[in-house]
Participant: 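Before anything else, here's the structure in question.
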Amino acid sequence: MQVIDIHAHIYQQVAGITQGQPMRSTSLGRVAIGDRQVQFLPPSFEQTRSTAEMLLAYMDWCGIEKALLMPNPYYGYHSQYLKDSVRRYPDRLKGVALVDIMKGQKAAEELAAIYDEGLLFGFKVEVDSTFQCAPGTRLTDPGLAPVWDCCNQYRQPVFFHLFRTVDIGDVRELSLAYPHMVLVLCHMGADACFKKGMPKDNYRQVLDLVKSRPNVYMDTSTVPVYFQEEYPWPSSVEIIEECYRQAGPEKLMWSSDYPGMLNHGTMRQLINLVEVQCTRIPASHRQMILADNARRLFFGETDR
């Protein structure tokens, strides 16, 4: 089957922040968080970096046609590297924009300049990393509205990594207030649904949101991380198939969350999670999830 990845990360070095502490690359897949070292990627990532060329090599090896480059404050701000990579490989890679949303109107102006330049598109919000210095911030706070106004005006998609129960209702409000903005819920609802201790009803709320709102979608990545299972990840298969039954094939898109997910499985296994293991989804609908939906939404192409 044809495959398009809508969630992959590249960076020349990790230079982010987590748990209020700086995080930086060291070696052999490790990063330093404050004064301690942790294994962040497989040791084969010798310099703890994820270059465009490394991603493309995995894509060529596993038959992935195109990829969206997804930023995240957790890794650091790497917009220039994403721009350079898109310039070098315009037929394979498309980069998503990242600005500090806490700047409000200034962030919106920065985004508008990025969209006018035409090298990056969309916007990414990981709630935990974005709001870690102001943890009470809500996605619907008035100070953030200029950013949503900009994305809606330019008809740009926004990718959300949710962490809190309140994020689900906030995304619903945004989907109603900004109908020209495509909203993608990364990781099938992520920590807001599957993190230990979260209300069991949260995933049902997310399914209802995706089903009821025409501009809300989900990507399939990273769900195996939340369960103590080895491949073929039966809990993840069940979650993806339930979303398919509730919301339909047009609302789901495959993604890898490369390179971090290589700690949990091979790239081929990540593809097989949908292509092979989701046996209750017909092949034509699996093809929509693996490539056709992303091709239509993000690459301006009709289904092949």
Side-chain angles (χ1 to χ4, degrees), residues 3 5-64 66-82 84-86 88-89 92-93 95-96 98 124 126 128-130 132 159 161 163 186-188 190-191 194-195 219-233 236 254-273:
V3 182
D5 188 351
I6 72 158
H7 196 127
H9 299 284
I10 63 170
Y11 38 84
Q12 292 173 302
Q13 64 174 353
V14 176
I17 183 170
T18 185
Q19 302 163 6
Q21 294 184 301
M23 182 167 62
R24 59 179 178 82
S25 296
T26 56
S27 62
L28 299 175
R30 296 188 294 261
V31 297
I33 301 176
D35 59 358
R36 60 191 178 91
Q37 296 257 343
V38 300
Q39 197 70 44
F40 189 71
L41 298 174
S44 55
F45 285 78
E46 186 176 1
Q47 296 177 294
T48 316
R49 62 178 184 171
S50 172
T51 66
E53 289 72 24
M54 294 166 69
L55 170 61
L56 286 164
Y58 271 97
M59 291 168 62
D60 291 342
W61 186 27
C62 296
I64 300 171
K66 301 175 188 292
L68 297 188
L69 306 177
M70 196 65 60
N72 191 334
Y74 181 68
Y75 301 107
Y77 285 78
H78 301 287
S79 293
Q80 190 57 54
Y81 185 57
L82 266 59
D84 293 342
S85 299
V86 170
R88 290 198 304 273
Y89 309 106
R92 305 291 302 282
L93 304 177
V96 173
L98 179 66
K124 168 69 184 296
E126 185 192 68
D128 186 59
S129 296
T130 301
Q132 63 183 297
F159 301 82
H161 182 156
F163 273 78
C186 302
H187 320 310
M188 306 293 292
D191 297 65
F194 309 121
K195 189 175 180 180
D219 87 32
T220 65
S221 66
T222 312
V223 183
V225 169
Y226 298 98
F227 302 94
Q228 297 300 312
E229 295 179 337
E230 298 294 329
Y231 181 81
W233 306 313
S236 300
W254 179 82
S255 55
S256 69
D257 203 10
Y258 169 96
M261 277 304 294
L262 298 183
N263 290 321
H264 305 277
T266 67
M267 184 69 92
R268 187 67 250 173
Q269 288 172 332
L270 297 174
I271 296 170
N272 286 350
L273 173 60

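Fair warning: this is a prediction, and the values are worked out from it, not measured in the lab.
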Participant: Evaluate the side-chain proximity of Met70 to Leu82: yes if any heavy-atom separation is below 4.5 Å, no if none is.
Facilitator: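 In short, these two side chains do not touch, never coming nearer than 4.5 Å.
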Participant: Between Trp254 (side chain) and Leu270 (backbone), is there a donor-acceptor pair under 3.5 Å?
Facilitator: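 Yes: the side chain of Trp254 pairs with the backbone of Leu270.
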Participant: Which heavy atom of Arg92 sits nearest a heavy atom of Ile64, and at what distance?
Facilitator: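 Minimum heavy-atom contact is NH2-O, 3.0 Å.
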Participant: Of the non-hydrogen atoms in Thr48 and Ser25, which two are nearest, and what is the gap between them?
Facilitator: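 What the structure gives for the nearest pair is O-OG, 2.7 Å.
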Participant: Would you say Glu230 has more than 12 foreign heavy atoms packed within less than 6.0 Å of its CD?
Facilitator: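 No, not enclosed.
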Participant: Is the shortest heavy-atom distance from the side chain of Leu56 to the side chain of Leu93 under 4.5 Å?
Facilitator: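 A side-chain contact under 4.5 Å exists here.
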Participant: Can you tell me if CD on Gln80 sees more than 12 non-hydrogen neighbours from other groups inside 6.0 Å?
Facilitator: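 Counting neighbours around CD of Gln80, more than 12 heavy atoms of other residues, nucleotides or ligands fall under 6.0 Å, so yes.
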Participant: For this output row, return yes or no: ring centroids of Tyr258 and Tyr58 closer than 6.0 angstrom.
Facilitator: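 Yes; Tyr58 has its ring centre under 6.0 Å from that of Tyr258.
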Participant: Given the side-chain rings of His161 and Phe159, with only the six-membered ring counted for Trp, is the space between their centroids under 6.0 Å?
Facilitator: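 No; Phe159 has its ring centre 6.0 Å or more from that of His161.
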Participant: Using atom types as modelled and distance alone, determine if a side-chain donor or acceptor of Asp5 lies under 3.5 Å from a backbone N or O of Ser256.
Facilitator: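 It does hold such a pair.
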Participant: Going by heavy atoms in the side chains, are Val38 and Val31 under 4.5 Å from each other?
Facilitator: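 Yes; the side chains approach each other to less than 4.5 Å.
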Participant: Of the non-hydrogen atoms in Ser129 and Asn72, which two are nearest, and what is the gap between them?
Facilitator: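 Closest approach of Ser129 to Asn72: OG-OD1, 3.8 Å.
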Participant: With a 4.5 Å heavy-atom cut-off, do Met23 and Tyr74 have their side chains touching?
Facilitator: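 Heavy-atom side-chain distance check passes, below 4.5 Å.
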Participant: Please confirm whether the backbone N or O of Ile10 pairs with a side-chain atom of Arg49, one donor and one acceptor, at under 3.5 Å?
Facilitator: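 No; zero donor-acceptor contacts below 3.5 Å.
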Participant: Where the side chain of His264 meets the backbone of Glu229, is there a donor-acceptor pair that is under 3.5 Å apart?
Facilitator: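 Flag not set: sc His264 to bb Glu229 has no pair under 3.5 Å.
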Participant: Looking at Ser50 and Tyr11, would you say the former's side chain and the latter's main chain have a donor-acceptor pair under 3.5 Å?
Facilitator: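 No; judged by distance alone, with no hydrogens or angles, the pair does not exist.
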Participant: Taking Gln269 for its side chain and Thr266 for its backbone only, find out whether a donor-acceptor pair lies under 3.5 Å.
Facilitator: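 Yes; judged by distance alone, with no hydrogens or angles, the pair exists.
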Participant: Heavy atoms only: give me the nearest Ala67-Leu55 pair and the separation to one decimal.
Facilitator: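 The pair with the smallest heavy-atom distance is CB-CD2, 4.4 Å.
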Participant: Is there a donor-acceptor contact under 3.5 Å from the side chain of Gln37 to the main chain of Gln39?
Facilitator: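 Flag not set: sc Gln37 to bb Gln39 has no pair under 3.5 Å.
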Participant: Decide side-chain hydrogen bond (donor to acceptor under 3.5 Å, both in side chains) for Ser255 and His7; before the verdict, give the C-alpha distance in whole Å, the side-chain angles of both, and the deciding distance to 0.1 Å.
Facilitator: CA-CA 5 Å; Ser255 55; His7 196 127; 4.9 Å; no
Participant: Hey, does the side chain of Tyr81 reach the backbone of Ala52 with a donor-acceptor pair shorter than 3.5 angstrom?
Facilitator: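 Such a contact is found between Tyr81 side chain and Ala52 backbone.
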Participant: Distance-only, no hydrogens or angles: does the Asp219 side chain make a donor-acceptor pair with backbone N or O of Cys186 under 3.5 Å?
Facilitator: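 Absent.
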Participant: Is it true that Lys195 and Asp128 have a side-chain N and a carboxylate O under 4.0 angstrom from each other?
Facilitator: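 Looking at Lys195 and Asp128, the cut-off is not met.
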Participant: Between the side chain of Gln132 and the main-chain N/O of Gly20, is any donor-acceptor distance below 3.5 Å?
Facilitator: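 Looks like yes, one N/O pair under 3.5 Å.
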Participant: Looking at Met188 and Phe194, what are the two nearest heavy atoms and their distance?
Facilitator: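 So the minimum-distance heavy-atom pair works out to O-CE1, 3.4 Å.
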Participant: Report yes if the side chains of Pro42 and Asn263 come closer than 4.5 Å at any heavy-atom pair, otherwise no.
Facilitator: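 Yes - at least one pair of side-chain heavy atoms lies under 4.5 Å apart.
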Participant: Would you indicate whether the side-chain heavy atoms of Ser221 and Met261 approach each other to under 4.5 Å?
Facilitator: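 The answer is no, as the side chains (C-beta and beyond) never meet within the 4.5 Å cut-off.
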Participant: Output, in order, the C-alpha distance, side-chain angles, deciding distance and verdict of side chain to side chain contact (heavy atoms under 4.5 Å, CB included) for Val96 and Leu69.
Facilitator: CA-CA 6 Å; Val96 173; Leu69 306 177; over 6 Å; no
